[in-house]
S.K.: 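Pasting in a structure now, in structure tokens, and then I'll have a few things to ask.
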Protein chains: 2
Amino acid sequence: MTRRASEPVNGRRRSTIREVAERAGVSVATVSRILSGDYPASPATRKRVMRAVEELDYVANAHARALAGTSAKSIAIVLNSVISPHYAHVAQGVEAQTAVEGRLCLIGTTGGDAERELAMVKFMREQHAEAVILVGNVVADEKYGKRMSQYAHALTAIGSRLVLCGRPPLGPDVPAVVVEYDNAGGAFAATSHLLSAGHERILCLGRRPGHTTQDGRVAGYRKALAAHRVPHDPALEVEGTTMEWHEGYRMMKERLATGPRDFTAVFALNDLIAGGAYRALAEHGLRVPDDVSMVGFDDLQPSLDLNLTSVHLPHEEIGRTAVRLALEHEARGGTPPHVILGTHLVIRDSVRPRVS
Amino acid sequence: MTRRASEPVNGRRRSTIREVAERAGVSVATVSRILSGDYPASPATRKRVMRAVEELDYVANAHARALAGTSAKSIAIVLNSVISPHYAHVAQGVEAQTAVEGRLCLIGTTGGDAERELAMVKFMREQHAEAVILVGNVVADEKYGKRMSQYAHALTAIGSRLVLCGRPPLGPDVPAVVVEYDNAGGAFAATSHLLSAGHERILCLGRRPGHTTQDGRVAGYRKALAAHRVPHDPALEVEGTTMEWHEGYRMMKERLATGPRDFTAVFALNDLIAGGAYRALAEHGLRVPDDVSMVGFDDLQPSLDLNLTSVHLPHEEIGRTAVRLALEHEARGGTPPHVILGTHLVIRDSVRPRVS
DNA sequence: ATTGTTTCAGAAAACGGTTACTGAATCATT
DNA sequence: AATGATTCAGTAACCGTTTTCTGAAACAAT
């Protein structure tokens with residue numbers, strides 16, 4: 001005996017609008033209209049329909065609804081991982097704004113794998129997402145540019161859009177909305193803060209050439225040095241593979257193991273790195289801020305824990321903005337917007353004037 | 001002039017299977033079968049179809065697909081907020097396992113609002129989610145139980161299921177899968193660790209009667225005291241409103257302001273609270289672990305930052321398990337499973353033997 | 001050469017809604 | 001009383017797939 005695949009193993013079948021109509025003694029169309037909102041039905045009919053809906057515990061089939069016509073659409077967000085606090089905050093912003101706009105939020109993670117990213121974008125396209133928001137740091141090489149351009153065109157072709165969140169713009173002919181942080185500006189402020197306190201040998205932790213986020217922050221670091229006429233020593237820029245706690249720990253550990261302590265301050269490219277470096281310093285008997293000054297970037301949990309002066313990024317704001325712009329752009333059309341969100345330094349207690 | 005609502009403002013229309021069929025010179029059915037996988041089409045036909053798909057950049061309409069027949073279904077996760085690191089890790093686990101099982105992951109947040117939770121469950125029901133995973137701490141009062149029971153039955157009726165993640169079970173007649181942590185066990189271990197180090201006056205930070213998570217942890221704390229025959233002083237249990245950093249800070253701050261320091265160790269009901277308390281202690285010149293010993297709960301970022309001994313929770317594991325059990329249960333039927341995941345203490349450097 | 005199997009592909013009926021069009025009452029207007 | 005306007009509700013076409021049923025070639029076996 002064969003059973004239709006759609007039938008549940010146990011329990012009743014999902015009730016349809018037809019059954020509601022039958023029970024209420026009206027036509028399917030009437031039920032649909034009454035449930036869709038403002039339809040001038042007679043109170044008696046409306047009541048009968050509502051009762052039938054209650055009794056059958058009816059909920060509309062979103063797929064059928066989407067297929068038939070106007071449907072509450074959805075916004076998709078695709079990110080590397082949701083456990084990174086930074087991404088989590090962005091995701092929160094996206095989710096919140098999505099709810100405000102009356103949409104559903106689909107989420108997918110890629111683990112940084114381009115293959116999975118492609119699959120995700122296709123998946124979201126199948127789901128008719130109104131917009132696909134790609135968030136996060138990335139290697140902006142040629143292949144990347146081509147891939148994004150392809151996404152952008154494919155999505156635009158079907159009336160959806162691509163939103164790049166925390167990624168650099170692609171080019172004038174690629175129809176993608178872009179929302180990013182002023183990484184360089186934040187790094188400039190952070191570094192300037194240390195320079196103003198008299199520090200000149202500032203260790204920069206976590207650079208990773210080719211990665212847009214890190215590149216922007218390092219650029220700000222260098223610009224601040226230049227602005228203060230402090231010589232730039234490339235040896236003070238330490239390279240890291242990821243922006244995680246353990247990398248911060250490793251970088252500082254190695255630095256302290258292999259050479260003299262030739263720096264008086266640390267600029268960590270994010271708070272996680274700062275946290276790891278902090279621990280490594282502590283293990284060498286060096287305290288922040290008494291022995292070493294430190295500034296982080298992100299203003300997330302580690303800043304709170306360590307009382308770290310850090311560059312505040314409007315994480316949730318960027319997520320909300322991404323959704324807002326995507327929807328506005330959808331309505332208005334025209335050239336896709338590109339906004340850069342500002343940052344500001346949050347002063348805590350991890351920087352001391354340099355004793356000379 | 002009227003325009004169909006489904007047409008995009010700019011750009012072409014999404015191409016349909018019909019167009020692909022036409023371009024390939026075959027029937028719609030053939031295209032569908034070729035794209036669905038293993039259909040014994042002649043190589044020539046297959047190639048023609050694939051080329052048409054490429055040229056039109058065709059992707060199937062997931063809604064139509066879902067409506068028509070077997071479709072890749074989805075798993076929904078509903079949580080308070082995604083910025084809480086704990087929830088984020090659980091969400092990550094859910095997302096990962098969902099991907100492994102070839103499903104889509106829908107995510108929604110409620111902000112702890114029962115109203116929004118209800119709306120979310122309805123929404124997910126409309127979307128035909130295979131399972132709805134509710135995660136997080138909760139007040140387990142009567143109203144709550146009734147609400148959950150209603151969800152469980154509504155979902156079961158349509159062949160879906162309710163999964164409670166980190167929440168207590170409801171009762172034998174409520175068809176819900178339950179996955180939770182051994183909160184009491186973890187708290188017992190944490191408190192025992194402090195007791196073994198000679199601490200007897202252990203401040204317990206963050207209790208909140210009625211909230212299941214906190215209740216479980218406090219129960220473990222008390223049980224450990226009893227097991228070590230240390231008198232239980234209710235005055236050492238400090239009540240908090242949330243489990244966040246600022247609450248931890250506030251609680252410790254008030255404690256230090258209003259009375260003598262009559263404790264030598266702190267058991268924080270989670271790491272965030274530990275972090276806040278840590279800062280408050282520091283502001284009073286008290287260091288961890290030299291002056292005060294401390295143990296946290298969750299083993300998340302603050303533990304890393306502060307080198308805190310903490311109870312490790314298998315955050316991602318619980319998410320993955322939730323998905324796995326939901327799907328298994330769907331296939332097998334029977335009484336819904338209930339599993340309790342174990343915890344273990346991660347020793348770092350925040351506890352010192354008490355000097356007497 | 002005829003028949004019985006395969007192999008491949010088309011026609012058409014679902015799936016569960018929405019909505020344009022239509023029509024029957026009811027009501028207001030002359 | 002006849003007509004026009006307005007309300008409310010039904011009919012049926014359509015959304016884009018999947019899938020069952022069916023049929024025409026092509027091939028193998030007698």
Side-chain angles (χ1 to χ4, degrees), chain A residues 2-8 13-49 52-53 56 58-73 125-128 158-159, chain B residues 1-8 13-50 52-53 56 58-73 125-128 158-159:
Chain A
T2 59
R3 206 172 29 72
R4 292 294 306 244
S6 59
E7 277 176 30
R13 228 181 58 274
R14 170 189 298 268
S15 50
T16 70
I17 197 174
R18 221 173 308 276
E19 290 164 357
V20 173
E22 210 164 302
R23 179 175 266 257
V26 297
S27 77
V28 174
T30 302
V31 175
S32 172
R33 281 182 292 228
I34 286 179
L35 291 180
S36 300
D38 49 349
Y39 175 67
S42 74
T45 314
R46 159 162 280 124
K47 188 174 248 164
R48 280 217 312 286
V49 169
V53 167
L56 293 173
Y58 168 79
V59 289
N61 180 331
H63 297 305
R65 194 171 253 176
L67 189 56
T70 339
S71 69
K73 294 249 220 117
R125 210 141 73 91
E126 292 178 354
Q127 300 291 325
H128 288 219
I158 61 173
Chain B
M1 163 198 153
T2 57
R3 208 170 30 73
R4 291 296 305 246
S6 59
E7 279 176 30
R13 228 180 59 272
R14 168 188 301 268
S15 51
T16 69
I17 198 174
R18 217 177 310 277
E19 289 163 359
V20 173
E22 211 165 300
R23 178 175 266 256
V26 297
S27 76
V28 177
T30 302
V31 176
S32 172
R33 281 182 290 228
I34 285 181
L35 291 180
S36 299
D38 49 349
Y39 174 67
S42 73
T45 315
R46 160 163 277 123
K47 189 174 247 165
R48 279 216 314 286
V49 169
M50 290 319 242
V53 167
L56 294 173
Y58 168 79
V59 289
N61 181 330
H63 296 304
R65 196 170 251 177
L67 189 55
T70 338
S71 69
K73 295 250 220 120
R125 210 141 72 91
E126 292 179 353
Q127 301 292 326
H128 287 220
I158 60 174

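The figures that follow rest on heavy atoms only: side chains count, while hydrogens, waters and symmetry mates do not. Letters go in sequence order (proteins before strands), and every chain restarts at 1.
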S.K.: Donor-acceptor pair, B:Ser32 side chain versus B:Val28 backbone, under 3.5 Å?
M.R.: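 Absent.
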S.K.: Walk me through whether B:His128 and B:Ile158 qualify under side chain to side chain contact (heavy atoms under 4.5 Å, CB included).
M.R.: CA-CA 9 Å; B:His128 287 220; B:Ile158 60 174; over 6 Å; no
S.K.: Mapping B:Val31 and A:Ser27 to their closest nucleotides on DNA chain D, which lands nearer the 5' end?
M.R.: A:Ser27
S.K.: Please report the shortest heavy-atom distance between A:Val49 and A:Val20, naming the atom on each side.
M.R.: O-CG1, 4.3 Å
S.K.: Step through the shown structure and confirm whether more than 12 heavy atoms of other residues, nucleotides or ligands are within 6.0 Å of CD on A:Glu22.
M.R.: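 Incorrect, the count does not exceed 12.
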S.K.: Distance check needed: C:dG16 P versus A:Ile17 CD1, whole Å only.
M.R.: 11 Å
S.K.: Please state whether the phosphate of C:dG16, meaning OP1 or OP2, lies under 4.0 angstrom from any side-chain nitrogen or oxygen of A:Thr16.
M.R.: no
S.K.: Would B:Arg14 and B:Val59 satisfy side chain to side chain contact (heavy atoms under 4.5 Å, CB included), going step by step from the backbone distance to the final call?
M.R.: CA-CA 8 Å; B:Arg14 168 188 301 268; B:Val59 289; 3.9 Å; yes
S.K.: For D:dG16, does OP1 or OP2 lie under 4.0 Å from any side-chain N or O of B:Arg18?
M.R.: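 No, outside the criterion.
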S.K.: Restricting both atoms to N or O, compile the protein contacts to nucleotides 20-26 of chain C shorter than 3.5 Å, with distance only.
M.R.:
residue: C:dA20; atom: N6; partner: A:Arg33; partner atom: NH1; Å: 3.4

S.K.: If each of B:Gly25 and B:Ala64 is mapped to the nucleotide of DNA chain C with the nearest heavy atom, which maps nearer the 5' terminus, i.e. the 5' end?
M.R.: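 Counting from the 5' end, the first nearest nucleotide belongs to B:Gly25.
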S.K.: Taking only residues two or more places apart in sequence or in another chain, which ones pass salt bridge (charged side-chain N to carboxylate O under 4.0 Å, His left out) with B:Arg23?
M.R.: B:Glu55
S.K.: Please name the pair of heavy atoms, one in A:Ala62 and one in B:Gln127, separated by the smallest distance, quoted to 0.1 Å.
M.R.: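 Smallest heavy-atom distance, with atoms named: CB-NE2, 3.5 Å.
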S.K.: Report the distance from atom CG of B:Leu35 to atom C1' of D:dT19, rounded to the nearest whole Å.
M.R.: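 Rounded to the whole Å, the gap is 15 Å.
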S.K.: Do you know which two heavy atoms are closest between A:Ser15 and A:Leu56, and how far apart they sit?
M.R.: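 The pair with the smallest heavy-atom distance is OG-O, 3.3 Å.
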S.K.: Can you check the B:Arg65 CZ to D:dT19 C1' distance for me, whole Å?
M.R.: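 Computing the B:Arg65:CZ to D:dT19:C1' distance gives 13 Å.
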S.K.: So what does A:Val26 touch, heavy atoms closer than 4.0 Å: a base, only the sugar-phosphate, or nothing?
M.R.: sugar-phosphate
S.K.: Quick check for you: to the nearest 0.5 Å, what is the distance between A:Arg65 atom CZ and A:Leu35 atom CG?
M.R.: 7.0 Å
S.K.: The helix from C:dA1-D:dT30 to C:dT30-D:dA1: angle between its terminal axes, five pairs each, to 10°?
M.R.: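 For the helix from C:dA1-D:dT30 to C:dT30-D:dA1, the axes at opposite ends meet at about 50°.
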S.K.: Is A:Ser32 close enough to C:dG17 that one of its side-chain N or O atoms is under 4.0 Å from OP1 or OP2 there?
M.R.: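 No, because none of the side-chain N or O atoms of A:Ser32 sits under 4.0 Å from OP1 or OP2 of C:dG17.
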S.K.: Take the protein atom CG of A:Asn61 and the nucleotide atom P of D:dT17, then report the distance between them rounded to whole Å.
M.R.: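 My rounded result for the distance is 16 Å.
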S.K.: Calculate the interatomic distance between B:Arg46 atom CZ and C:dT7 atom P; express it in whole Å.
M.R.: 15 Å
S.K.: Across the strands shown, which category fits B:Thr30 at heavy-atom distances under 4.0 angstrom: base, sugar-phosphate, nothing?
M.R.: sugar-phosphate
S.K.: To the nearest 0.5 Å, tell me how far A:Asn61 CG sits from B:His63 NE2.
M.R.: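 Taking CG in A:Asn61 and NE2 in B:His63, the distance rounds to 10.0 Å.
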S.K.: Just N and O in the side chain of A:Thr45: are any of them under 4.0 Å from OP1 or OP2 of D:dA9?
M.R.: yes
S.K.: Which nucleotide sits closest to the side chain of B:Leu67: D:dT11, D:dT17, C:dC15?
M.R.: C:dC15
S.K.: For A:Ile158 and D:dG16, give me the distance from atom CD1 to atom C1', rounded to whole Å.
M.R.: 14 Å
S.K.: Measure the distance from CD on B:Glu126 to P on C:dG16 and round it to the nearest whole Å.
M.R.: 15 Å
S.K.: Rounding to an integer number of Å, can you tell me how far B:Lys47 NZ sits from C:dA9 P?
M.R.: 15 Å
